[in-house]
Amino acid sequence: MKHQNHHELLEDEGTGYLISVSDLMSSLLFVFIITLMAYVLNFHRATQETQQKQHVLQEERDHLSAVIDDLTNSRRLRTEMLEHIRRELEMRGMRVEVDSEHGILHLTEETLQFETGRADLPADQLLRLAKVGEVLAEVLPCYVASPPPGPLCNPLHAGKLESVFVEGHTDNVPYGRGIFKDNWDLSAQRAMYIYRTMVKEFQPALAQLLNADGFPIFGVAGYGEGRPRPGHHHQTPVSDPANRRIDLRFIMMPPREDIAPLAALKEKGL
């Protein structure tokens, strides 16, 4: 009987031990499940945040691509416009040069030529200036805010031209006589003379052309001797007719306002 009680006591102890181990395993399993659930939730949340960030980054990359595309298309369109003007002028017997990178139409000394120290053109040059105005009046209306109706203008080009600057230049011979203060004054007067004669007198319709913001596209600027033509930069004063010139600088409209600013995109490394 005593032996039997001892045996039952051992069985009870063993059972208690197994129950304790089972409880411990259940507790560990419960902790493991809770930990796993927390991990899964955190992983799911992190995945969602990553996907959201990737979505935002993709949208901004798309915006940047739109900016680049807009800029590229504007440059391409400007080059096509300048080449169109160049061809039309050459068909009229005038040679000009196009700087596509900077959007400049150089009216070379073979097209228009200023005499030294003069802001006006000789009488025999006025007919040539009239032809320049004639070509501009044919080409530019297709690129302003309200192009004329008809098949000659692509409606996608409307409002793409922001401004056209008539830029005056001089050679590097110092100017210290006559009615002008210096070469800077002389170059500005040349630009204003060309604008008043070509636009206001020969082709007044050009003065009415407006950009997409509602402003006149034509303006003037004078640079004196500060911007000589490539290959015509002289260390000493030289009466160089290539530098006594007029340039027409064409500026296209900037990217659309609904596109994210380039600066913000660059800050984010896009």
Side-chain angles (χ1 to χ4, degrees), residues 66-92 94-112 128-129 131-147 153-170 187-188 190-192 194-195 198-199 203 205-233 242-257 259 262:
V67 171
I68 294 173
D69 185 62
D70 204 22
L71 289 172
T72 302
N73 287 335
S74 293
R75 289 170 183 164
R76 185 184 303 115
L77 182 61
R78 183 174 66 181
T79 297
E80 292 175 358
M81 178 179 61
L82 289 173
E83 288 296 332
H84 186 186
I85 295 171
R86 181 187 62 79
R87 290 193 302 270
E88 292 295 328
L89 287 173
E90 289 189 350
M91 289 175 59
R92 290 164 170 80
M94 289 178 289
R95 191 183 72 85
V96 296
E97 296 179 5
V98 169
D99 180 350
S100 298
E101 182 179 356
H102 299 98
I104 298 175
L105 185 75
H106 295 292
L107 303 181
T108 69
E109 66 274 18
E110 297 180 27
T111 299
L112 299 177
R128 303 176 70 81
L129 179 61
K131 292 181 179 180
V132 175
E134 179 182 299
V135 170
L136 294 180
E138 292 176 1
V139 176
L140 298 188
C142 289
Y143 299 89
V144 298
S146 299
C153 294
N154 186 335
L156 296 178
H157 298 169
K160 294 297 184 179
L161 181 60
E162 201 276 336
S163 59
V164 180
F165 282 99
V166 180
E167 300 181 341
H169 300 269
T170 71
S187 66
R190 283 175 175 169
M192 286 187 281
I194 294 296
Y195 171 77
M198 180 182 71
V199 176
Q203 295 291 337
L206 289 174
Q208 305 303 317
L209 298 180
L210 306 179
N211 62 25
D213 293 326
F215 300 122
I217 65 169
F218 274 92
V220 298
Y223 292 100
E225 71 273 15
R227 297 191 180 187
R229 289 296 311 277
H232 294 267
H233 187 279
N243 289 329
R244 299 195 301 272
R245 71 189 192 279
I246 291 292
D247 290 337
L248 300 179
R249 185 183 299 270
F250 295 78
I251 299 175
M252 310 305 283
M253 290 297 292
R256 302 184 305 273
E257 292 183 357
I259 297 177
L262 285 173

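Numbers here are sequence positions counted from 1.
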* **Side-chain (Asn211) to main-chain (Asp213) donor-acceptor, under 3.5 angstrom** => yes

* To do: Please name the residue in the list Leu89, Leu209, Leu248, Val164 that meets the side chain to side chain contact (heavy atoms under 4.5 Å, CB included) test with Leu136.
  => Leu248

* Structure fact -> Exactly one candidate in Ile104, Ile217, Leu140 meets side chain to side chain contact (heavy atoms under 4.5 Å, CB included) with Phe250; the answer is Leu140

Can you tell me how far [atom2] of [Y] sits from [atom1] of [X], rounded to the nearest 0.5 angstrom?
{"X": "His106", "Y": "Leu82", "atom1": "NE2", "atom2": "CG", "result": "10.0 Å"}
{"X": "Glu167", "Y": "Ile194", "atom1": "CD", "atom2": "CD1", "result": "13.0 Å"}
{"X": "Ile251", "Y": "Ser74", "atom1": "CD1", "atom2": "OG", "result": "12.5 Å"}
{"X": "Leu105", "Y": "Ile246", "atom1": "CG", "atom2": "CD1", "result": "11.5 Å"}
{"X": "Arg78", "Y": "Tyr143", "atom1": "CZ", "atom2": "OH", "result": "12.5 Å"}

* Asked: Taking it one step at a time, do Arg128 and Leu112 satisfy side chain to side chain contact (heavy atoms under 4.5 Å, CB included)?
  -> CA-CA 7 Å; Arg128 303 176 70 81; Leu112 299 177; 4.1 Å; yes

Which heavy atom of [X] sits nearest to which heavy atom of [Y], and what is that distance?
{"X": "Ala137", "Y": "Gln203", "answer": "CB-OE1, 3.4 Å"}
{"X": "Pro228", "Y": "His233", "answer": "CG-CD2, 3.6 Å"}
{"X": "Ile85", "Y": "Val139", "answer": "CG1-CG1, 3.9 Å"}
{"X": "Val199", "Y": "Ala207", "answer": "CG1-N, 3.5 Å"}
{"X": "Phe165", "Y": "Val220", "answer": "CD2-N, 4.1 Å"}
{"X": "Ala221", "Y": "Ala191", "answer": "O-CB, 3.4 Å"}

NZ/NE/NH1/NH2 to OD/OE distance under 4.0 Å, [X] and [Y]:
{"X": "Asp247", "Y": "Arg245", "value": "yes"}
{"X": "Arg92", "Y": "Glu134", "value": "yes"}
{"X": "Glu80", "Y": "Arg76", "value": "no"}
{"X": "Arg75", "Y": "Glu101", "value": "no"}

* For Ala212, side-chain contact (heavy atoms from CB on, under 4.5 Å) partners two or more places apart -> Met253

* side chain to side chain contact (heavy atoms under 4.5 Å, CB included) between Thr170 and Arg190, worked out -> CA-CA 9 Å; Thr170 71; Arg190 283 175 175 169; 3.6 Å; yes

* **Pair Lys160-Val144, side chain to side chain contact (heavy atoms under 4.5 Å, CB included): steps then yes or no** => CA-CA 6 Å; Lys160 294 297 184 179; Val144 298; over 6 Å; no

[X] vs [Y] side-chain heavy atoms within contact, under 4.5 Å:
{"X": "Arg95", "Y": "Arg86", "result": "no"}
{"X": "His169", "Y": "Arg244", "result": "no"}
{"X": "Glu225", "Y": "Asn243", "result": "no"}
{"X": "Met252", "Y": "Leu161", "result": "yes"}
{"X": "Met94", "Y": "Lys131", "result": "yes"}
{"X": "Leu210", "Y": "Pro216", "result": "yes"}

* To do: For the residue pair Tyr195 and Phe218, categorise the inter-ring angle as parallel (less than 30°), tilted (30 to 60°) or perpendicular (more than 60°).
  => tilted

